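Structure, as structure tokens:
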Amino acid sequence: MTEQFILEFAPLRLKQQGYSKYHLRHRDFIIEAGTTVAIPAYNEMFFIIDEPPGLVVDSDYGMYDSTEDPIPESIHIHRGEIKITNPGSAKRRIKFIQAIIVN
């Protein structure tokens, strides 16, 4: 998803989930080769910006896979326990727009 699309889509998606108060924030992670980073995002939604290569993102919402052997369908919105894995031999960058839900 492009950043512009996410900025237009995120409010609609959050409203569908019943949330009217939230903050949007850009997040940028470097994932070292052969590692996994865990992000607890139980009161948040993470929208993947663009198509970061060579990474696997797994959460309660599904999986995004841009490795050389990808899954048939990748999910670009994540929530819950998010695990970002870099199975490659070089560090990779992934960017998100994070929607922090305010109660």
Side-chain angles (χ1 to χ4, degrees):
M1 289 194 262
T2 66
E3 185 173 349
Q4 183 61 40
F5 176 78
I6 295 168
L7 292 173
E8 294 173 14
F9 176 71
L12 301 173
R13 184 69 179 129
L14 289 157
K15 185 176 182 181
Q16 288 174 340
Q17 298 292 312
Y19 304 113
S20 60
K21 296 180 183 178
Y22 55 89
H23 300 289
L24 296 180
R25 177 176 144 183
H26 286 82
R27 300 291 302 269
D28 188 334
F29 296 93
I30 299 292
I31 312 300
E32 295 294 332
T35 65
T36 297
V37 172
I39 303 168
Y42 297 100
N43 202 36
E44 306 159 29
M45 283 186 182
F46 279 70
F47 298 82
I48 299 173
I49 298 174
D50 297 325
E51 302 286 332
L55 293 172
V56 177
V57 180
D58 190 14
S59 74
D60 294 345
Y61 272 30
M63 184 180 284
Y64 169 88
D65 186 347
S66 63
T67 61
E68 302 226 355
D69 188 26
I71 59 173
E73 180 182 6
S74 284
I75 304 299
H76 290 253
I77 304 169
H78 295 276
R79 189 169 184 192
E81 181 75 17
I82 301 172
K83 293 180 182 173
I84 308 166
T85 302
N86 177 359
S89 59
K91 63 183 169 183
R92 302 280 186 192
R93 177 183 303 269
I94 185 167
K95 296 180 181 182
F96 294 96
I97 292 181
Q98 175 188 23
I100 303 167
I101 298 163
V102 179
N103 292 328

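Values in this document were obtained by computation on a predicted structure and should not be read as measured data.
- The backbone N or O of Thr36 lies less than 3.5 Å from no partner atom in the side chain of Thr85, so there is not a single donor-acceptor pair.
- Asp69 is linked by a salt bridge (charged side-chain N to carboxylate O under 4.0 Å, His left out) to nothing, counting only residues two or more places apart in sequence or in another chain.
- Residue pairs that meet the ring pair (Phe, Tyr, Trp, His ring centres under 6.0 Å) test with at least one member in residues 14-40, sequence neighbours left out, are Phe29-Phe96.
- Going from atom CZ of Arg25 over to atom CD1 of Ile97 covers 12.5 Å, rounded to the nearest 0.5 Å.
- By the 4.5 Å heavy-atom criterion applied to side chains, Asn86 and Glu32 are not counted as neighbours.
- Residues in residues 64-87 take part in these ring pair (Phe, Tyr, Trp, His ring centres under 6.0 Å) pairs, two or more places apart or across chains: Tyr64-His76.
- Counting only heavy atoms from C-beta outward, the side chains of Ser59 and Val57 never approach each other to under 4.5 Å.
- Linking ILVMFWY side-chain heavy atoms closer than 4.5 Å, directly or via other members, places Val37 and Val56 in two distinct hydrophobic clusters.
- Side-chain atoms of Thr67 do not come within 3.5 Å of backbone N or O of Leu55 as any donor-acceptor pair.
- By the criterion of side-chain heavy atoms lying less than 4.5 angstrom apart, applied directly or through intervening Ile, Leu, Val, Met, Phe, Trp or Tyr residues, Ile94 is not grouped with Phe47; the two fall into different hydrophobic clusters.
- Judged as a salt bridge (charged side-chain N to carboxylate O under 4.0 Å, His left out), and not counting sequence neighbours, Arg27 has no contacts.
- Linking Ile, Leu, Val, Met, Phe, Trp and Tyr whenever their side-chain heavy atoms come within less than 4.5 Å puts Leu14 and Ile6 in one cluster.
- Every pair tested for salt bridge (Lys or Arg N to Asp or Glu O under 4.0 Å) that includes a residue from residues 37-58 fails, sequence neighbours excluded, so the list is empty.
- Side-chain atoms of Arg79 and Ile101, non-hydrogen and from C-beta on, do get closer than 4.5 Å to each other.
- Listed by first and then second residue, the salt bridge (Lys or Arg N to Asp or Glu O under 4.0 Å) pairs that reach into residues 92-103 are Asp28-Arg93, sequence neighbours excluded.
- Linking ILVMFWY side-chain heavy atoms closer than 4.5 Å, directly or via other members, places Phe9 and Met45 in a single hydrophobic cluster.
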